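A short worksheet on the structure shown next.
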Amino acid sequence: MYKIPANTLFVGQRLVFVPECQSTNTLLAEMTTKSALPEGTVVITNHQKAGRGQRGNVWLADAGLNLTLSILLNPNFLPVRHQFQLTAVTSLAVCGYLRKKGLRETFIKWPNDILVDRKKICGILIENSLQGETIHQSIVGIGLNLNQKIFVPSSATSLFSETGKTVDLNSELHLLLPEIESAYLQLRAGNIKWIQSTYLNLLYGKDQWLPFESEGKKFSGKIKDVDEAGRLILSTENGERSFSMKEITFLR
Ligand code: BTN
């Protein structure tokens, strides 16, 4: 069903399609324990029966209608303290792909939800294995809603919901993977400044007052920046404050 892309150097050059599985992230992690896989190996499925999301959530996607895949990367050049940069390049690559599809109102909701018109179209789950101070292996899981028409909750959307057009999943995979590879190569080349500024330009809510909650307290904050460690920097009525992912929730 899926073909090896002709337009990448290594991402997707080993492509494993399984009609169904529990979770492509889990399956790819298991495969790496059994044999040495080349960097860029992609595991993709039609039907994920126990898709995993961030913060222990589940990821639901109707069978055969969306892209549900995991990519193996070996960013052993990346210090652990910079692991957020992998989140950043994956997010901006997906955003770039969607903008090229004509969805101009596509933004990254920190740290890595991809929104179109404020609705979630793509979720990313990155699972890193560390070796000392560096990242030995990274499994980049992407759930991208393409042809699905009905969503519960309604805060989700798909390419079809936004454009009214059904797409060919293999063709879309061949547009997405080069975006991911080229953003990852920027990271490998050490172009952190480019990554930071591109990520920031695509950041949902930048310079806008938004409601947040942290440690049980609700407050308003204006997103000013995301630092190299991936902390969200807000300007609040109590001055500038920074938060890790576990420390803050968006209320809208
Ligand atoms: C999120 O909570 O937004 C992240 C969702 C990530 C879903 C993808 S689908 C492919 C890969 N396999 C999983 O089990 N999860 C990720």
Side-chain angles (χ1 to χ4, degrees), residues 1-2 11-12 14-33 37 40-73 83-84 86-95 97-98 106-116 118-129 137-148 151-159 169-170 172-173 176-177 179-180 184 199 202-205 230 232 244-246 248-250 252:
M1 143 147 212
Y2 291 99
V11 173
R14 172 81 61 92
L15 192 69
V16 179
F17 168 69
V18 287
E20 61 176 35
C21 66
Q22 300 296 319
S23 151
T24 55
N25 268 33
T26 309
L27 178 57
L28 181 53
E30 282 166 9
M31 286 165 62
T32 63
T33 64
L37 297 173
T41 296
V42 168
V43 171
I44 187 161
T45 191
N46 263 347
H47 183 204
Q48 206 172 226
K49 293 185 287 181
R52 295 187 289 111
Q54 293 160 34
R55 304 181 193 226
N57 289 326
V58 293
W59 180 256
L60 299 171
D62 287 357
L65 298 178
N66 305 298
L67 283 182
T68 307
L69 67 140
S70 300
I71 306 168
L72 177 67
L73 296 174
Q83 59 184 306
F84 173 73
L86 205 53
T87 298
V89 289
T90 309
S91 307
L92 63 89
V94 176
C95 233
Y97 154 80
L98 288 165
T106 304
F107 292 97
I108 304 164
K109 185 172 180 185
W110 177 85
N112 60 359
D113 282 349
I114 311 299
L115 307 187
V116 175
R118 298 173 178 222
K119 292 193 211 138
K120 184 158 165 175
I121 195 166
C122 177
I124 297 168
L125 178 68
I126 300 185
E127 296 178 300
N128 293 326
S129 313
Q137 169 179 296
S138 185
I139 292 180
V140 176
I142 299 173
L144 177 58
N145 299 333
L146 291 179
N147 292 329
Q148 191 167 326
F151 290 95
V152 182
S154 58
S155 56
T157 191
S158 66
L159 190 60
L169 297 184
N170 182 60
E172 298 314 306
L173 181 70
L176 177 66
L177 294 183
E179 294 285 335
I180 290 172
Y184 178 65
Y199 180 88
L202 295 170
L203 197 59
Y204 165 80
L232 184 69
S244 75
M245 195 179 146
K246 287 185 187 138
I248 191 166
T249 317
F250 282 75
R252 177 153 54 81

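Order of listing sets the numbers, starting from 1, for every ligand and every atom in it. On a predicted model such as this, the values are computed, not experimentally measured, just so you know. Position 1 is the first residue of the sequence, and the numbers go up from there.
Atom CG in N66 sits 7.5 Å away from atom CG in L169 (nearest 0.5 Å). For the atom pair CD1 of I44 and CG of L15, the computed distance is 6.5 Å after rounding to the nearest 0.5 Å. Taking CD1 of I180 as the reference point, atom CG of L73 lies at 8.5 Å (rounded to 0.5 Å). Taking OG from S138 and CD1 from I126, the interatomic distance works out to 5.5 Å, rounded to the nearest 0.5 Å.
Close approach of ligand 1 to D113 is summarised as follows: ligand atoms under 4.0 Å from at least one heavy atom of the residue are 3 (O). Remark: ligand 1 atoms within the under-4.0 Å shell around heavy atoms of T68 are 9 (S), 10 (C). Taking every non-hydrogen atom of G143 and a distance limit under 4.0 Å, the qualifying atoms of ligand 1 come out as 8 (C), 9 (S). Below 4.0 Å from some heavy atom of G51 lie the following atoms of ligand 1, by number and element: 14 (O). Proximity to G53 (heavy-atom distance under 4.0 Å) selects the following atoms of ligand 1: 1 (C), 2 (O), 4 (C), 5 (C). Listed by atom number, the atoms of ligand 1 under 4.0 Å from T24 heavy atoms are 10 (C), 11 (C), 12 (N).
Proximity of I142 to ligand 1, defined as any heavy-atom pair under 4.0 Å, is confined to the backbone N, CA, C and O atoms. By the criterion of a heavy-atom distance under 4.0 Å, the backbone of L69, and not its side chain, is placed next to ligand 1. Contacts with ligand 1 closer than 4.0 Å are made by no heavy atom of T26, backbone or side chain.
Taking a 4.0 Å cut-off on heavy atoms, N57 fails to register as neighbouring ligand 1. Judged by the shortest distance from any of its heavy atoms, K120 lies inside the 4.0 Å radius around the atoms of ligand 1.
Classification of the F250-Y204 ring pair by plane angle, with boundaries at 30° and 60°, yields tilted.
Closest heavy-atom contact between I248 and R55: O-NH2, 3.5 Å.
Nearest-residue assignment for atom 2 (O) of ligand 1 (options R55, Q48, Q54; heavy-atom criterion): Q54.
Put simply, the side chain of N170 does not reach to within 4.5 Å of the side chain of F17, judged on heavy atoms. Looking only at side-chain heavy atoms (C-beta outward), L86 and Y184 come within less than 4.5 Å of each other. Taking 4.5 Å as the limit, every side-chain heavy atom of I114 sits out of range of all side-chain heavy atoms of L144.
Among protein heavy atoms, atom 16 (C) of ligand 1 sits closest to R52 O, 3.8 Å. Protein heavy atom in closest approach to atom 5 (C) of ligand 1: W59 CE3, 3.4 Å.
In terms of polar-atom proximity, defined here as any N/O pair under 3.5 Å, S23 does make such a contact with ligand 1.
Under a 3.5 Å cut-off, the side chain of T45 and the backbone N or O of Q48 do not form any donor-acceptor pair.
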